[in-house]
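So the structure is just underneath, and the comments pick up after that.
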There are 2 protein chains.
Amino acid sequence: MTGQVRTVDGRVAGRRGQATRQKLLDCLSEMLSSSPYRDVKVIDVARKAGTSPATFYQYFPDVEGAVLEIAEQMAAEGAGLTELLEGRSWAGKSGWQTAQELVDGFLEFWRKNDAILRVVDLGAAEGDKRFYKIRMKILNSVNNSLSDAIAELQSKGRVDKDVNPAAVAGSLVAMLAAVAAHQKGFSSWGVKQAELKPNLALLVHLGVTGKKPSR
Amino acid sequence: MTGQVRTVDGRVAGRRGQATRQKLLDCLSEMLSSSPYRDVKVIDVARKAGTSPATFYQYFPDVEGAVLEIAEQMAAEGAGLTELLEGRSWAGKSGWQTAQELVDGFLEFWRKNDAILRVVDLGAAEGDKRFYKIRMKILNSVNNSLSDAIAELQSKGRVDKDVNPAAVAGSLVAMLAAVAAHQKGFSSWGVKQAELKPNLALLVHLGVTGKKPSR
DNA sequence: CACTTGTCCTGTCATGCCGTCAGCTTACCG
DNA sequence: CGGTAAGCTGACGGCATGACAGGACAAGTG
């Protein structure tokens, strides 16, 4: 499916070329963590990678193009978040554990990729369909699983009929993403990391099942 | 408290100057809604305002400086969000109404200021303390009220002791902000605006009281 | 009315990044 | 060794940036 890696002018990239390309991506990734997105310049990325700006433009149309590439790579990993929910039960004590593990896995993923996720979030919010699609790819896996879980509970009569599974699941996923993005912010509200997680898990459990967890 | 408006080089701005300054802010505000933050250039803002780039630099150190100004103005309005919660009850039917009105007011505020809020969110996530502070100013009003409400219910024994009011309130507020920022995104999950609100209100009510609302 | 004062705006300029091209170097293959 | 395609860069026109000095303008003063 994935065609060969190509340069902007159509040539096929070989071993060396791919290495350079990857090095540029890595350096860009680093720069995104250390300086505002708005201030990331092609020339800085190139310098950091020990090459020239012209080389950058051989592999990417612009900074945004390279960012999209990084985001795609991350989204591919992010699809693995589905595992946090697949085949899990929401009943009784195991339900509480499911909620906890979901929160844990989600926050960890966000922490590991926070720089690129910030940019993706912005792009999506600004209405860029490409970023939007990537954001969906990551969130969809979790969202669909959650939505299914709620719908199933609903069909068993354990959840009110006027609940919209997709809306609740989407809101919960948005909450997880937002809290993850502003993890540091909570400290100024006097909330520590360790305290945050169980309370988030509680909210997730409440949202999915409508009931307090039994621990 | 608010000192006189000053130009970058220290002069005091008069009537005409303030008008120009405000016009630049308005034009910048518009540009933020229509093009990516990264691509907003001083020269475009100046052109749109019918003036020259040099004039812009007389009133603001750079684009970010002007954005901060807009954000401050918005934050001042945003402090009014407290009213959505002041003196409201979370018991019985009025509790359900409180939740609904909070969601309504919050989404409306976000919809009205989405462009600038996106930038504030990004700045805060990137660790810029000035943006961070502004974001706090807006969210704090809601967060504190929510947190107090939970703490009060907790003191009456209506909410479990191991709930951390600040953590839950913060998470709920983050959820509202995130959903508001990506309102359009929900349509691709097959969720319409009208359906979204009651489900959000449900989650808020569940989070605050730990119980389903009685309608 | 001329003159002064202080505000307000712009023309211009040095600087630095952007994005492109021609052309050089390097690697591979027969 | 010669040919070919990949890989890289110096250099360049173009544009945004940010600083300054000086011109335009309004208001007050004699």
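None of the values given here were measured: they were computed from a predicted structure. Naming convention: chains lettered A, B, ... in sequence-line order (proteins, then strands); numbering from 1 in each chain.
Residues from residues 16-28 of chain A lying near DNA chain D, meaning a heavy-atom separation below 4.0 Å, are A:Arg16, A:Gly17, A:Thr20 in numerical order.
A:Thr7 comes within 4.0 angstrom of no nucleic acid atom, judged by non-hydrogen atoms across all strands. Residue contacts for A:Tyr59: at a heavy-atom cut-off of 4.0 Å it reaches the sugar-phosphate backbone alone, with no base atom in range.
In terms of the ring-ring contact (aromatic ring centres under 6.0 Å, His included) criterion, residue partners of A:Phe186 (sequence neighbours excluded) are, by chain and number, A:Trp189. Taking the salt bridge (Lys or Arg N to Asp or Glu O under 4.0 Å) definition, one finds that A:Arg88 meets it with A:Glu101, sequence neighbours left out. Partners of A:Asp26 by salt bridge (Lys or Arg N to Asp or Glu O under 4.0 Å), not counting sequence neighbours: none found. Every residue two or more places apart in sequence or in another chain was checked for a salt bridge (Lys or Arg N to Asp or Glu O under 4.0 Å) with A:Glu83, and none qualifies.
The list of salt bridge (charged side-chain N to carboxylate O under 4.0 Å, His left out) pairs with a residue in residues 164-183 of chain B, not counting sequence neighbours, is empty. Among pairs with a residue in residues 39-59 of chain B, those fulfilling salt bridge (charged side-chain N to carboxylate O under 4.0 Å, His left out) read B:Glu30-B:Lys48, B:Asp44-B:Arg47, at least two apart in sequence or across chains. Pairs engaging residues 162-189 of chain A under the salt bridge (charged side-chain N to carboxylate O under 4.0 Å, His left out) rule: A:Asp162-B:Arg215 [sequence neighbours left out]. Residue pairs that meet the side chain to side chain donor-acceptor pair (under 3.5 Å) test with at least one member in residues 168-181 of chain A, sequence neighbours left out, do not exist here. Listed by first and then second residue, the side chain to side chain donor-acceptor pair (under 3.5 Å) pairs involving residues 103-114 of chain A are A:Asp104-A:Lys197, A:Glu108-A:Arg111 (not counting sequence neighbours).
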Would you give a per-nucleotide map of nucleotides 14-24 of chain C, 5' to 3', where B means the base has a protein non-hydrogen atom under 4.0 Å away, S means only the sugar-phosphate does, and - means neither? ---SSBBB---

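The footprint of chain A on DNA chain D, defined by a heavy-atom cutoff below 4.0 Å, extends from D:dA6 to D:dG10.
In this structure, the side chains of A:Lys192 and A:Glu195 come closer than 4.5 Å at one or more pairs of heavy atoms.
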